[in-house]
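Structure, as structure tokens:
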Protein chains: 2
Amino acid sequence: MSAVAVQPGRTIAELRELAALTSDEHGAQRVAWTPVWARAREWLIAKLAELPVEVELDAAGNLWATLHGVAPQALVIGGHLDSVPNGGWLDGALDTLAGLEVLRRVAAAGTPPITLRLVDWADEEGARFGRSLVGSSACSGSLVPADLAALRDRDGVMMPDALRQHGVVLERMTDARQQLATAAAYLELHIEQGPVLEGLGLPLGVVLGTFGVERHRITWRGQAAHSGSTPMDRRHDALAGAARLALELRHIAARVGGGGVCTSGSVITRPGIVTAVVETAEQLLDQRHLDADGLAALLAGARAAAERFAADERISVTWEHIWRIHPVPFHPELIALADEVVREVAGRAHHLPSGPLHDASEVARAGVPTVMLFVQSLRGLSHTPLEDTREEHVAQAVVALDRLASRTIAWIMAQPRQDA
Amino acid sequence: MSAVAVQPGRTIAELRELAALTSDEHGAQRVAWTPVWARAREWLIAKLAELPVEVELDAAGNLWATLHGVAPQALVIGGHLDSVPNGGWLDGALDTLAGLEVLRRVAAAGTPPITLRLVDWADEEGARFGRSLVGSSACSGSLVPADLAALRDRDGVMMPDALRQHGVVLERMTDARQQLATAAAYLELHIEQGPVLEGLGLPLGVVLGTFGVERHRITWRGQAAHSGSTPMDRRHDALAGAARLALELRHIAARVGGGGVCTSGSVITRPGIVTAVVETAEQLLDQRHLDADGLAALLAGARAAAERFAADERISVTWEHIWRIHPVPFHPELIALADEVVREVAGRAHHLPSGPLHDASEVARAGVPTVMLFVQSLRGLSHTPLEDTREEHVAQAVVALDRLASRTIAWIMAQPRQDA
């Protein structure tokens, strides 16, 4: 065994250093395609200059550091330095700097048997132009550059102009796809951004994949009627439809199982006055599942329930599709490796889906075997300067990522195609 | 029997005449304390000038026409010519003009055994200054004139100034109380302004009284949480409280019985976005019952259910009282007389409470035996130019009011106090 080990204390110090360099009194300001983000990257590039790695910016603005191994096949570790405005010190930066620490440890041991690459994805958050996962989707091939052509920030700056200032030409972004040609596996460590691990008292979790999402706007239409002169049995109360569905969602999620979630985040009632039965109730529905069939079952369950409630209540219901994304399950063998590592470091390994999307979803969609680790978020908070994780948990996370990298390198080397 | 009979066709013609005189292309504009309302009253006074009646304006602006009888005890028939802006042709005007027709029929038969009075109440609607039942509450004694002193219309005109232009001095309004000193009974015919009689296919109904009302704002507080990263069993969903209560209200109303109604007319969800569990749901509750105990039971039922739901859902609930009015049941013997008359005229007599308040509520609160008749409203519409009732139903209503007046005169004469 190599005598060299990761130094998680250095990662924590570097996270604090980066935060000091790129935050103001309202939090982190590393918004992609801005000078603060560029400063963060210059800082990272300076750190990488101390290592025997090749640094390049790809056609989509992703920053790659490559430690060439005996074989060209690569283990890729990813993260993103970009943040939302008024962000925290961990979201994305932890991933990148923990990856840097792994790169240091492997580089210190000499030329590795396979190649190790660290990628700092460009514009994971989509905070300035509203399109997230920009760099990783350019690599995975799911990005359609033309979709970005008309995007503007709040000051009216066009996205292609902002990209060009950072060396990215819209029409050539998908050239970045070649970056994944040699990728044999992808790892990402991220804060959970949810309450599950804290609730379980666990520092680390193994991520099963990212949820597929179905979003709909549901409009219930009854008949406005005077609160005083309309007997209960003569009402066509649109709120009743929305209320029944809001409650039924819990039963649907339980029936479908598999950790899927359903949320009715908004109900708007009209005319919305104390003296009238509700004529129109507009309800937003968000459903998520890790499995495509599970997601379809959640949606079918809600649709069937809505039809039943509309008939019962003598009101009408219409559905409007807002947004849909397919689930991205991670690689079962890498999940098994992550489970081993988390149990070693933290005693117990909880498996959980990711609600938010991550760059890892894009890489997995491109067919690269992928897994993620989550580290506990305090109070589930993220996208706020209140975002926090205990330092001892950050340290455990760096150790776990490092061990997972070693196991994954061994796993890649054991794959049949390596011998081909 | 007198050979003279009411002529309902004349009432319909007069209603059309009044509408033509006081409407524009948006509907009736007989808003109290305005020139159009004054014009409507001049028109009524001209009609009354043809009858052997004494006409006077009381201290609260109510217009009285008195047909003196052998005895000073009086049967009072009431209505209101004032309308909401963009109102219909019937609300209030039908009451007054049907009463006028009864007055004509009785006057034509010579001096009646007791006195008959028609009152055109001032400002039933409260459309200009937001305080309804102004004239009738001055007579009943429930009006506190000081409460009107600071009211302004939307142009900034003070209510006392507007009253003075119509001969009413704020401080003397309650002198109108003496008008009810001789009142032995009170009758009022009104359009239903609800869907019940139309639903039953009946032209006429007997009104049991006006509902008591309890209004509250209920605030449910949970915890905002990400729709994707928060498992179903870890949520504190404020919408669940509001939804459960909205649905439970129907069971509460059924359990309490007696025709009481409960309405949740508005739910406001915050933050109200598709990606977050609802943190706060603000719900408006309106409960009405004809019986004070029934009303208390509706409220107690809702409060108990809300506590139960808050505990179940691990959220909090707070109640804010908005408005309360006690129920006003009508006189049982007059209800029996109205039942007889409606059965004679329409074949079947449905008894129903009034959701909206009426001047009759104020008179009944003052201790005068009171009953109302309702005539069917098409589609339950009122306070709109679409307000309508079939002409044959209007005609039946005039006949029923006339017959009820005759029976009530006989009833008054049969009362012990008449002999005192």
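Labels below follow one simple rule: chain letters A, B, ... track the order of the sequence lines, proteins then strands, and each chain is numbered from 1.
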**Prompt:** Is chain B contacted by the side chain of A:R250, its backbone, both, or neither, given a heavy-atom distance below 4.5 Å?
**Reply:** both

**Item:** With sequence neighbours excluded, residues passing salt bridge (Lys or Arg N to Asp or Glu O under 4.0 Å) with A:E279
**Value:** none

**Prompt:** Which atoms of A:I273 come close to chain B, meaning under 4.5 Å heavy atom to heavy atom: side chain ones, backbone ones, both, or neither?
**Reply:** backbone

**Complete:** Max heavy-atom pairs within cutoff under 4.5 Å with chain A, candidates B:L284, B:L239, B:V261, goes to B:V261

**Prompt:** Is there a salt bridge (Lys or Arg N to Asp or Glu O under 4.0 Å) between A:E282 and A:R217 once you walk through the steps?
**Reply:** CA-CA 7 Å; A:E282 195 181 286; A:R217 181 178 291 108; 3.7 Å; yes

**Prompt:** What orientation do A:H358 and A:H190 show, parallel under 30°, tilted 30 to 60°, or perpendicular over 60°?
**Reply:** tilted

**Request:** Name the member of A:L381, A:V278, A:D286 that forms the most heavy-atom pairs with chain B at distances under 4.5 Å.
**Result:** A:D286

**Fill in**
Interface check, chain A: of B:A225, B:C262, B:G260, most non-hydrogen pairs under 4.5 Å belong to B:C262

**Message:** For A:R379, is there an ion pair with A:D388 - N to carboxylate O distance below 4.0 angstrom?
**Reply:** no

**Message:** For B:Q223, which atoms come within 4.5 Å of any heavy atom of chain A: side chain, backbone, both, or neither?
**Reply:** neither

**Asked** Stepwise, does the side-chain contact (heavy atoms from CB on, under 4.5 Å) test hold for B:H350 with B:L197?
**Response** CA-CA 8 Å; B:H350 183 69; B:L197 294 173; 4.3 Å; yes

**Prompt:** So what's closer than 4.5 Å to chain B heavy atoms on A:E248: side chain, backbone, both or neither?
**Reply:** neither

**Message:** So which residue, B:G355, B:A224, B:G228, B:S354, ends up with the most heavy-atom pairs under 4.5 Å with chain A?
**Reply:** B:G228

**Message:** Which atoms of B:A240 are under 4.5 Å from chain A, going by heavy atoms: the side chain, the backbone, both sets, or neither?
**Reply:** both

**Message:** Taking the six-membered ring of B:W319 as reference, does the cationic atom of B:R303 (NZ for Lys, CZ for Arg) lie under 6.0 Å from its centre and within 45° of its axis?
**Reply:** yes

**Prompt:** Which atoms of A:A253 come close to chain B, meaning under 4.5 Å heavy atom to heavy atom: side chain ones, backbone ones, both, or neither?
**Reply:** side chain

**Request:** Against chain B, label A:L285 side chain, backbone, both or neither, depending on which of its atoms sit under 4.5 Å from a heavy atom there.
**Result:** backbone

**Request:** Report, as yes or no, whether the 6.0 Å neighbourhood of atom CZ on A:R314 holds more than 12 heavy atoms from other residues, nucleotides or ligands.
**Result:** yes

**Region of B:L247 in contact with chain A, defined by heavy-atom distances below 4.5 Å** = side chain

**Asked** Does B:H326 NE2 have over 12 foreign heavy atoms under 6.0 Å away?
**Response** no

**Prompt:** Can you check whether A:E188 reaches A:D359 side chain to side chain, under 4.5 Å on heavy atoms?
**Reply:** yes

**Asked** Given a strict heavy-atom distance threshold of 4.5 Å, which part of B:R235 is in contact with chain A: side chain, backbone, both, or neither?
**Response** side chain

